Amino acid sequence: MIQYRTLQKQEISRELFRDFIRRQEVTDCLRREGEKWVVKPDPFIDDWSEEDYQTLVRCLRHTVETDGFVYGAFWDGALKGFVSVEAGLFGGEHRYLDLSSIHVSQDMRGKGIGRMLFQAAREWAGRMGAGKLYISAHSAVESQAFYRAMGCVEAGWYHAGHVEQEPYDCQLECGL
């Protein structure tokens, strides 16, 4: 049985991710051409290096330290999915909160974990006074299908920092 709970700063360490498999085999991605989004072949394997895991640990701990939300899915005591939302509204009238990460371990995808994590993020953001979640989302067609199923649409306002950091991401929003 999958258990869901808020993560505490002291438990967020490299060891927490020992049974987490980031690997995603990507074949097609959405790319912006003029005013339209089109599917383009762009095969690659997305995975995290040890340095990426260390960065992730620092970022998630920072999220907790700054009153953000970090929520995990556990199966048999092992972390198999997580979501994070940063505190601090931005985007003026849009009242966005940043869904900074959502990942499900490769061995547990397709079991509804992502949907449960996303819903928990939506609920938390709503309690914090947000009007929408902002997502700088991976452009893989599978990732985009997930976000569309969650009710996400193209963002009405683009966060320049996100666009600069990940120019191939799709900038999305989800009303609460």
Side-chain angles (χ1 to χ4, degrees), residues 1-31 40-88 90 97-121 124-125 133-147 150 152 158-172:
M1 182 171 159
I2 300 167
Q3 297 177 323
Y4 297 88
R5 64 177 174 81
T6 301
L7 297 179
Q8 304 301 311
K9 177 184 169 186
Q10 63 273 13
E11 70 185 309
I12 301 172
S13 67
R14 177 61 179 97
E15 180 63 16
L16 180 66
F17 297 93
R18 74 182 176 284
D19 296 314
F20 191 89
I21 306 165
R22 166 60 184 106
R23 185 180 176 87
Q24 182 177 0
E25 296 177 28
V26 176
T27 54
D28 295 323
C29 292
L30 282 180
R31 294 290 184 251
K40 294 283 192 176
D42 187 11
F44 65 97
I45 295 175
D46 200 353
D47 210 343
W48 289 332
S49 67
E50 187 57 37
E51 183 180 329
D52 293 331
Y53 276 106
Q54 295 301 329
T55 299
L56 176 64
V57 166
R58 280 193 306 276
C59 289
L60 293 177
R61 291 181 124 225
H62 179 264
T63 300
V64 173
E65 290 169 351
T66 56
D67 299 322
F69 180 66
V70 180
Y71 194 70
F74 292 82
W75 182 73
D76 199 23
L79 181 72
K80 291 297 180 176
F82 64 95
V83 66
S84 60
V85 182
E86 304 305 314
F90 66 94
L97 280 181
D98 188 8
L99 188 143
S100 49
S101 64
I102 183 168
H103 296 282
V104 175
S105 185
Q106 182 184 39
D107 58 329
M108 297 296 283
R109 293 181 191 143
K111 299 182 184 318
I113 293 172
R115 180 175 296 278
M116 294 294 289
L117 293 171
F118 194 88
Q119 186 57 35
W124 183 86
L133 281 174
Y134 186 94
I135 307 108
S136 183
H138 198 294
S139 62
V141 294
E142 299 85 359
S143 298
Q144 289 301 305
F146 166 78
Y147 288 115
M150 296 295 98
C152 298
Y158 276 27
H159 186 289
H162 282 307
V163 174
E164 183 178 311
Q165 185 176 7
E166 293 289 347
Y168 291 116
D169 274 7
C170 299
Q171 306 305 308
L172 306 174

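Values reported hereafter were calculated over all heavy atoms of this structure, with side chains retained and with hydrogens, waters and symmetry mates removed. In this text the structure is predicted, and so the values were computed from the model without any measurement. Heads up: numbering here begins at 1 and tracks the sequence.
Side-chain contact, His159 with Asp98: no donor N or O sits under 3.5 Å from an acceptor N or O. Remark: the Asp169 side chain and the His162 side chain contain no N/O donor-acceptor pair separated by less than 3.5 Å.
Ring geometry for Trp124 versus Phe69: interplanar angle under 30°, hence parallel rather than tilted (30 to 60°). Classified by interplanar angle (parallel below 30°, tilted 30° to 60°, perpendicular above 60°), the ring pair Phe17/Tyr53 is tilted. Between Tyr134 and Phe90, the ring planes are perpendicular. Angles over 60° get that label, and only those under 30° would be called parallel.
Of the inter-residue distances, the one linking Ile102 atom CD1 with His138 atom NE2 reads 14.0 Å to the nearest 0.5 angstrom. Atom CG of residue Leu79 and atom CG of residue Leu7 lie 6.5 Å apart, to the nearest 0.5 angstrom.
Here the options are Arg58, Lys9, Glu86, the test is side chain to side chain donor-acceptor pair (under 3.5 Å), and the partner is Thr63; only Glu86 passes.
Within a 6.0 Å sphere centred on CH2 of Trp75, other residues, nucleotides and ligands contribute 12 heavy atoms or fewer. Heavy-atom contacts from other residues, nucleotides or ligands closer than 6.0 Å to OH of Tyr168 number 12 or fewer.
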**Report entry** Verdict with supporting geometry, Arg22 and Asp46, salt bridge (charged side-chain N to carboxylate O under 4.0 Å, His left out)
**Finding:** CA-CA 8 Å; Arg22 166 60 184 106; Asp46 200 353; 2.9 Å; yes
- Message: Show, in sequence, the C-alpha distance, side-chain angles and deciding distance for Leu56 and Phe82, and conclude whether the side chain to side chain contact (heavy atoms under 4.5 Å, CB included) test is met.
- Response: CA-CA 11 Å; Leu56 176 64; Phe82 64 95; 3.8 Å; yes
